[in-house]
Each structure stands twice: as structure tokens, then as C-alpha cells.
Peer 1: 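If you scroll down you'll find the structure; I have some questions about it.
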Protein chains: 2
Amino acid sequence: MHDQSAQDARLPRYQRIRDSIAARIAAGEWKAGDCIASEAELAAAYGVAVGTVRRAVDKLETDGLIERAHGKGMFVRRADFSNSMFRFFRLGSADDQPLAPSAQILSRDLMSPPDTVREHLALAPHDEAVRLIRLRAARGRTLLREEIWLSARVFGPILDLDVNDLMPLLYPAYERHFGRVVARARERLSIETADAEVAAQLGAEPGASVVRIERIALDHAGQPLEWRVSHGLSDQFVYEAEVS
Amino acid sequence: MHDQSAQDARLPRYQRIRDSIAARIAAGEWKAGDCIASEAELAAAYGVAVGTVRRAVDKLETDGLIERAHGKGMFVRRADFSNSMFRFFRLGSADDQPLAPSAQILSRDLMSPPDTVREHLALAPHDEAVRLIRLRAARGRTLLREEIWLSARVFGPILDLDVNDLMPLLYPAYERHFGRVVARARERLSIETADAEVAAQLGAEPGASVVRIERIALDHAGQPLEWRVSHGLSDQFVYEAEVS
DNA sequence: GAGTGGTCTAGACCACTTG
DNA sequence: AAGTGGTCTAGACCACTCC
């Protein structure tokens with residue numbers, strides 16, 4: 001259990017309890033669909049008032065990790081919130097097939113990152129980085145080609161993990177193996193023409209119009225965890241955002 | 001003040017208080033940037049415990065209507081839509097010229113809106129709507145072609161206003177002339193090929209790749225004010241968003 | 001009826017900002 | 001020092017689900 005924030009006395013207790021419960025879910029203590037401990041049990045276990053536990057589970061609920069059912073209990077959410085595929089593409093709208101987008105990791109490399117990556121991940125001058133190349137597909141069609149960068153100092157051991165430990169989703173794997181929780185992200189979209197490599201991997205013509213999505217993923221403290229550049233076919237692409 | 005939910009005894013009190021405060025902001029009692037009443041004052045005024053007021057303002061904060069500053073107070077958020085152009089395009093990156101994007105209103109019409117517009121604006125079956133077509137340009141290049149729909153019941157007089165009263169920006173004009181404040185919006189992006197009209201107005205070839213931006217603009221109470229479909233040239237397009 | 005989450009109270013103490 | 005929001009407590013009572 002790599003549950004740093006749960007130990008950090010600077011954070012409020014409801015936050016530490018929230019992170020602890022999130023880590024216990026991530027560690028598999030409660031699996032998707034399971035009913036977790038009741039509010040009263042959690043309060044007793046953590047030695048706090050019920051109201052404090054309620055604040056923690058309030059946050060877990062808005063974060064999408066659990067669902068609460070009045071009179072029944074609190075349940076680990078089945079649909080994983082960190083699956084960005086569904087945020088990016090209109091798929092399975094007509095027939096309500098629960099399509100399972102696949103992920104295929106093409107490569108994992110330890111390398112010296114380009115300056116832009118170094119900057120986004122706040123790496124020191126000679127720090128190395130891990131680069132993953134991954135394809136995401138659904139309905140037998142490759143929709144996303146992702147280039148993912150991580151600090152080797154933190155995520156180095158990811159190179160030696162069994163590929164299945166990184167499936168199907170990466171963010172839960174970060175939490176499982178490294179205790180790092182992606183709390184939020186900033187994204188930047190633009191339109192490009194595909195270069196030869198991206199075009200080949202997406203099954204498109206070089207020069208085809210593709211969407212470029214840059215994403216910096218941050219933990220609850222605002223520290224950068226992951227830098228990602230994804231390219232997607234534009235014809236099925238859709239992106240939704242709340243602006244204020 | 002049509003503050004139905006604040007009277008509906010079926011809703012919890014924190015919800016009714018939240019709606020009441022939202023309505024008071026929408027009515028102009030507190031304007032953008034203003035410090036609203038303190039938690040203690042609100043609790044006394046509504047005759048509830050401070051904790052109940054806190055739940056109400058928690059919701060207002062996550063809804064983005066107010067910001068809270070520890071030790072100072074709670075402030076009405078200033079939704080800054082003043083330059084949506086800059087949210088959409090990378091311009092003037094090299095030389096830091098504060099370029100002035102221009103706006104040109106091509107047409108203003110009273111018409112029966114298509115069903116999709118009727119739905120987004122929550123119009124009654126025979127309500128009419130106002131449609132504006134507007135071009136946005138910068139650096140001598142047309143970058144956005146906007147199709148803007150408003151309820152004629154609310155915004156009908158916009159047809160008779162001097163065009164200069166709608167310049168340079170529409171949202172401030174809505175507030176000036178109709179007292180309607182855009183508080184937030186939902187946007188939906190996708191990629192299309194330009195049809196003949198859009199291509200001509202953007203100075204592109206028909207079939208060129210363009211960005212389609214749908215936006216529903218809402219007031220503080222969540223009522224739809226404006227529905228807008230914009231098309232932009234994709235080569236200079238960039239879109240930034242915070243995800244959580 | 002027992003157990004669950006949902007609402008609400010009335011305080012305590014702390015941390016931050018301003019005068 | 002006074003006023004603000006932030007955390008936390010220890011209860012009360014209600015509404016819902018399941019046995």
C-alpha cells in the first residue's frame with residue numbers, strides 16, 4: 001500500500017480518508033460492484049466522526065469512484081472513470097452495446113525525453129523518462145495512438161511489470177503499483193495532418209486530418225504525473241467540455 | 001423573481017437555499033466580483049444552521065457561481081467569455097501584438113427554428129427564434145463562422161437594435177439590453193468537412209476540414225439563453241480544457 | 001425492526017485576511 | 001482583534017431497503 005497522502009498530516013482528515021479508501025479500492029480490497037464498509041463502520045475504523053467520513057465519501061462519489069444507494073450502501077463503481085475513450089469518441093450510440101475498447105501497448109522504453117516533455121513533467125536536467133506507445137481500438141478500428149511519458153525516477157519499475165498489470169487502463173495501474181492518483185488533467189486540442197508513423201498506426205493516409213490531444217495529468221497536489229500526446233481519427237471524434 | 005425551487009418543500013433546505021442565492025445573483029442583487037453575505041449572515045437570514053448554508057454554498061462553488069476566499073469572503077465569479085476567440089485560436093504567438101479580432105454580423109432573422117435548436121433552447125412548439133450569422137476575423141483572415149440562436153420571446157428586440165449595440169461582443173450586449181447574464185456554457189467539438197456556404201464564408205475549399213463547435217450558454221439558474229454552432233478553420237485551431 | 005444513507009443542528013477550534 | 005471561511009464533532013431525526 002503506497003498511500004502517501006493518507007499519512008500527510010498537512011492534509012485535512014477527510015482528504016486523507018478519501019485517499020485511503022481510494023487506495024483500498026485500487027488495491028482490490030473492494031472490487032467493482034462491491035458494497036464497501038458503511039459510514040458508521042468507516043468512522044469507527046478511522047476513529048473520526050461520521051460527518052468526516054461523509055465528506056470523504058462525498059468526494060469519492062463526485063470523483064466517480066463510488067455510488068451511494070440510500071438504504072443499501074456504497075458501491076464501487078463499475079464503469080471506470082479514467083477511461084478517456086468514451087470522452088473522445090461517439091461510439092455505440094445507436095445500439096447500446098457495451099463495447100470494450102481494447103488497448104495495445106506497442107513499446108516501453110527508457111530514454112532521455114525531449115525538452116518539451118522534460119518541461120511538462122518538471123524533470124531535472126539529466127532525469128530520464130519512460131515512454132509508452134499505445135493504440136486504442138474499438139469496433140475493430142484503431143481510434144487513438146497515444147505517446148505517454150512518465151518520470152523514470154517515479155515510474156521506472158513500470159518497464160518490468162507484466163503487460164497485463166497495465167491493462168486495461170493505465171491510471172488505475174499507476175494507483176495500484178505506485179500509489180499515484182491522477183486527480184485532474186489539462187487538455188489541449190488541435191488539428192494536424194498525420195505524419196507517416198501516426199497515419200500507419202491509425203490506418204489512415206499520410207496527410208489525413210487527425211486530432212491532436214495533449215494532456216498533462218496531475219495528482220491532487222498539482223504535481224505532474226504523466227504527459228501524453230494522443231492522435232485520433234477525426235471523423236468519429238467528439239469532445240465535450242464545461243466552460244465557465 | 002421566479003424562484004420556484006426555493007419554495008418547493010420537497011427539496012432539502014440546502015438545495016432551496018442554493019437556488020435562492022443563485023436567483024439573487026441572477027437578479028443582480030450581487031454582481032460579478034461582489035462579496036456576497038457571509039455564511040453567518042446567510043444562516044441568520046434563512047433561519048438555518050451555518051452547516052446548512054455551507055452545503056448550499058459548497059454546491060454554488062462547484063457549480064462555478066461563486067469563489068470562496070479563506071478569511072475574506074465569498075465572491076460572485078466573473079465568467080470571462082469576453083474573448084472566446086482567444087480560447088479557440090493560437091494567434092499572435094510570435095509577436096505579442098494584442099490583435100483585435102473583428103466581428104461582422106451578416107444577418108439577423110426572425111424565424112421558426114429547427115427542432116434541434118427548439119430543443120436546446122427549451123422553446124414551446126410554436127415559439128419563434130432569432131438567428132444571427134456572424135463572422136469573426138483576425139489578421140485579415142476569417143477564422144470563425146457563427147450561427148447564433150436566441151428565443152424571440154426573450155431576445156426579440158435584438159432585431160431592432162443598432163448593430164453597433166451588439167459590438168464588439170454579444171454576451172455583454174445580452175446583459176446590457178436584456179439583463180441576461182451568461183454564467184457558464186457547455187461545448188461540444190467535432191471535426192467536419194465544410195459545406196459550400198461555410199467554406200465560402202471562411203475562404204476555404206468546400207470539403208476542407210473544419211472544426212464544429214456547438215455551445216449552449218446558460219444563465220446562473222441553468223436556463224438556456226443561447227445556442228450557437230460555430231465553424232472554424234482547423235489549421236490555427238487550438239482548444240484548452242480542464243478535466244476532472 | 002435493523003441497518004443503511006440523507007438532512008440538519010449547534011456548537012468547538014483552527015487558519016487566514018484585514019485593520 | 002475582529003471577521004471570515006475550513007475542519008470536525010456528536011448527536012437528532014428522517015427516508016429508504018431488506019428481512
Side-chain angles (χ1 to χ4, degrees), chain A residues 5-22 24-25 29-30 33-78 183 220-222, chain B residues 5-22 24-25 29-30 33-78:
Chain A
S5 83
Q7 328 267 355
D8 186 344
R10 294 168 306 181
L11 293 171
R13 303 170 76 151
Y14 72 85
Q15 180 69 290
R16 276 140 57 198
I17 292 170
R18 178 245 167 250
D19 290 339
S20 168
I21 296 173
R24 291 168 73 177
I25 290 172
E29 180 173 344
W30 299 301
D34 282 3
C35 175
I36 72 174
S38 73
E39 295 178 347
E41 287 168 351
L42 290 169
Y46 285 105
V48 298
V50 182
T52 305
V53 166
R54 285 191 64 77
R55 287 204 63 175
V57 294
D58 277 349
K59 195 141 197 317
L60 287 172
E61 188 179 31
T62 60
D63 288 347
L65 270 76
I66 65 169
E67 282 173 349
R68 291 199 274 191
H70 195 170
K72 294 172 73 174
M74 300 183 285
F75 300 84
V76 178
R77 262 192 66 173
R78 195 167 291 284
H220 63 75
Chain B
S5 83
Q7 328 267 354
D8 186 342
R10 294 167 305 180
L11 292 172
R13 301 170 74 150
Y14 72 85
Q15 181 67 32
R16 274 141 56 198
I17 291 170
R18 177 240 168 254
D19 291 339
S20 168
I21 297 173
R24 291 168 73 177
I25 291 173
E29 180 171 346
W30 297 301
D34 282 4
C35 175
I36 71 174
S38 74
E39 296 178 345
E41 287 167 352
L42 290 169
Y46 285 104
V48 297
V50 181
T52 304
V53 167
R54 285 190 64 77
R55 288 204 62 175
V57 295
D58 277 350
K59 194 140 199 316
L60 287 172
E61 189 179 30
T62 61
D63 288 348
L65 270 76
I66 65 169
E67 281 174 352
R68 291 198 275 190
H70 196 168
K72 293 174 73 175
M74 301 183 284
F75 300 85
V76 178
R77 258 192 74 177
R78 178 179 305 281

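In what follows, every chain begins at residue 1, and chains take the letters A, B, ... in the order their sequences are listed. Heavy-atom basis, side chains included; hydrogens, waters and symmetry copies ignored.
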Peer 1: According to side-chain contact (heavy atoms from CB on, under 4.5 Å), who are the partners of A:Ala22, at least two apart in sequence or on a separate chain?
Peer 2: A:Arg18, A:Leu60, A:Leu65, A:Glu175
Peer 1: Can you list everything that forms a side-chain contact (heavy atoms from CB on, under 4.5 Å) with A:Ala69? Sequence neighbours excluded, please.
Peer 2: A:Lys72, A:Phe75
Peer 1: Quick one: salt bridge (Lys or Arg N to Asp or Glu O under 4.0 Å) partners of B:Glu61, sequence neighbours excluded?
Peer 2: B:Arg68
Peer 1: Taking atom types as modelled, is there a side-chain donor on B:Thr52 or B:Tyr46 under 3.5 Å from an acceptor on the other?
Peer 2: no
Peer 1: Taking only residues two or more places apart in sequence, or in another chain, which ones meet B:Arg55 in a salt bridge (Lys or Arg N to Asp or Glu O under 4.0 Å)?
Peer 2: none
Peer 1: Rounded to whole angstrom units, what separation is found between the CD atom of A:Glu67 and the C1' atom of C:dG5?
Peer 2: 14 Å
Peer 1: Would you mind building the protein contact string for nucleotides 7-19 of chain C? One character per nucleotide, 5' to 3', B for base within reach (heavy atoms under 4.0 Å), S for sugar-phosphate only, - for untouched.
Peer 2: BSS-----BBSS-
Peer 1: Could you give the CZ-to-P distance, from A:Arg68 to D:dC16, as a whole number of Å?
Peer 2: 16 Å
Peer 1: To the nearest angstrom, how far is B:Glu41 atom CD from D:dA2 atom P?
Peer 2: 17 Å
Peer 1: B:Arg13: which residues meet the side chain to side chain donor-acceptor pair (under 3.5 Å) condition with it, sequence neighbours left out?
Peer 2: none
Peer 1: In whole angstrom, give the distance that lies between atom CD of A:Glu39 and atom P of D:dC16.
Peer 2: 16 Å
Peer 1: If I take atom CZ in residue A:Phe75 and atom C1' in nucleotide C:dG3, what distance separates them, rounded to the nearest angstrom?
Peer 2: 12 Å
